[in-house]
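Nothing here was measured: the structure is a model prediction, and the numbers come from that model. Only heavy atoms go into these numbers, but all of them, side chains included; no hydrogens, no water, no symmetry mates.
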Amino acid sequence: VQLQASGGGLVQTGGSLRLACAASGFLTFSQHSGGWFRQAPGKEREFVAGITWSDGITYYADSVKDRFIISRDNAKNTVYLQMNSLKPEDTAVYFCGAQRDSVVYRIRDPIYYNYWGQGTQVTVSS
């Protein structure tokens, strides 16, 4: 079972990036909720966005609402994070995670995730 995050890079303020989290080895990835978290140097890992497996409901941190969009393609076993209007404060390592639950407070909390990708660096220059 593996999650592979990709799509990070260096972008200027106001630019866009699309992150992808590809799952392999799951028998039922479509029955796992997906989440994106980020961690900046010296800070704790924080919730960015999540999408439930049961009904595709999405959740966002207030800091990224209206700028980021999370989606999933179960046929490709992939969860995406479209990031628009990027700001320097979005700079961090972005991690994707997967879990079987779909309760909102568990979607937002990293301790409930069973699987993690390796992280991809996003750097937004001013």
Side-chain angles (χ1 to χ4, degrees):
V1 173
Q2 188 175 14
L3 297 178
Q4 181 72 38
S6 63
L10 173 63
V11 64
Q12 292 185 334
T13 296
S16 298
L17 285 172
R18 188 176 82 153
L19 306 184
C21 178
S24 59
F26 284 80
L27 291 178
T28 56
F29 182 71
S30 61
Q31 295 182 15
H32 286 74
S33 296
W36 285 97
F37 291 75
R38 65 188 182 188
Q39 189 166 16
K43 295 187 177 181
E44 293 186 352
R45 189 170 297 192
E46 65 173 359
F47 172 76
V48 175
I51 184 167
T52 63
W53 72 265
S54 55
D55 43 20
I57 293 178
T58 57
Y59 302 96
Y60 298 94
D62 288 344
S63 59
V64 307
K65 198 173 295 184
D66 299 325
R67 297 189 297 124
F68 291 10
I69 301 171
I70 188 171
S71 62
R72 65 188 300 155
D73 184 339
N74 287 334
K76 295 183 178 180
N77 282 355
T78 302
V79 175
Y80 301 97
L81 185 68
Q82 177 67 43
M83 306 187 296
N84 302 318
S85 302
L86 283 162
K87 305 175 181 179
E89 52 263 43
D90 295 318
T91 295
V93 177
Y94 283 69
F95 298 89
C96 62
Q99 61 166 289
R100 288 300 304 270
D101 217 320
S102 59
V103 178
V104 58
Y105 78 90
R106 295 188 175 189
I107 297 294
R108 292 178 174 271
D109 194 333
I111 67 171
Y112 293 105
Y113 283 76
N114 308 108
Y115 309 100
W116 290 98
Q118 84 288 2
T120 184
Q121 176 71 47
V122 172
T123 303
V124 185
S125 63
S126 56

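Side chains of Ser6 and Gln4: a donor-acceptor N/O pair is absent below 3.5 angstrom, by distance only.
Formation of a donor-acceptor pair under 3.5 Å by the Asp90 side chain with backbone atoms of Lys87 is found in this model. Side chain of Thr52 to main chain of Ser102: no donor-acceptor pair is present (N/O by atom type, distance under 3.5 Å, no hydrogens or angles). The backbone N or O of Arg100 sits nowhere less than 3.5 Å from a side-chain atom of Gln31 that would complete a donor-acceptor pair.
Annotation: side chain of Val79 is in contact with side chain of Phe29 (closest heavy-atom distance under 4.5 Å). Trp36 has its side chain out of reach of Met83: every pair of non-hydrogen atoms, C-beta onward, lies at least 4.5 Å apart. Between Ser33 and Asp101, every side-chain heavy-atom pair lies at or beyond the 4.5 Å cut-off. By the 4.5 Å heavy-atom criterion applied to side chains, Asp62 and Lys65 are counted as neighbours. Side-chain contact between Val124 and Glu89 is absent, with no heavy-atom pair separated by less than 4.5 Å. Side-chain contact between Leu19 and Val122 is present, with heavy atoms from C-beta onward closer than 4.5 Å. Looking at heavy atoms from C-beta onward, Phe68 lies out of side-chain contact with Leu17 at the 4.5 angstrom threshold.
For the pair Cys96 and Ala5, the tightest heavy-atom approach, listed with the atom from each and the gap, is SG-CB, 4.0 Å. Here the shortest heavy-atom pairing between Thr120 and Gly8 reads OG1-N, 3.1 Å. Minimum heavy-atom separation, Thr78 to Ala20: CG2-CB, 4.1 Å. For the residue pair Ala23 and Leu3, the shortest heavy atom distance occurs at CB-CD2, 3.6 Å.
For the ring-ring contact (aromatic ring centres under 6.0 Å, His included) test with Phe37, the passing option among Phe95, Tyr112, Tyr113 is Tyr113; the others fail.
Separating the OG1 atom in Thr58 from the CD1 atom in Ile69 is a distance of 9.0 Å, to the nearest 0.5 Å. Note that CG of Leu10 and CD of Gln121 are 9.5 Å apart. Values are rounded to the nearest 0.5 Å. Distance OG/Ser30 to CG/Asn77: 7.5 Å, rounded to 0.5 Å.
At least one cation-pi condition fails for Arg67 and Tyr60: the charged atom is not both under 6.0 angstrom from the six-membered ring centre and inside a 45 degree cone around its axis.
Annotation: Asp66, atom CG; neighbour count of heavy atoms from other residues, nucleotides and ligands within 6.0 Å does not exceed 12.
Checked against the 6.0 Å centroid criterion, the rings of Phe47 and Tyr59 do not qualify as a close aromatic pair.
Under a hydrophobic clustering in which Ile, Leu, Val, Met, Phe, Trp and Tyr are joined whenever their side-chain heavy atoms come within less than 4.5 Å, directly or via other members, Val93 and Leu81 fall into different clusters.
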Begin from the C-alpha positions of Gln99 and Ile107 and carry the test side-chain contact (heavy atoms from CB on, under 4.5 Å) through to its verdict. CA-CA 8 Å; Gln99 61 166 289; Ile107 297 294; 4.2 Å; yes
Evaluate the criterion side-chain contact (heavy atoms from CB on, under 4.5 Å) for residue pair Val64 and Arg38; output intermediate values, then yes/no. CA-CA 12 Å; Val64 307; Arg38 65 188 182 188; 3.9 Å; yes
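Between Phe26 and Tyr115, the ring planes lie perpendicular to each other; the angle is over 60°, past the 30° to 60° tilted range.
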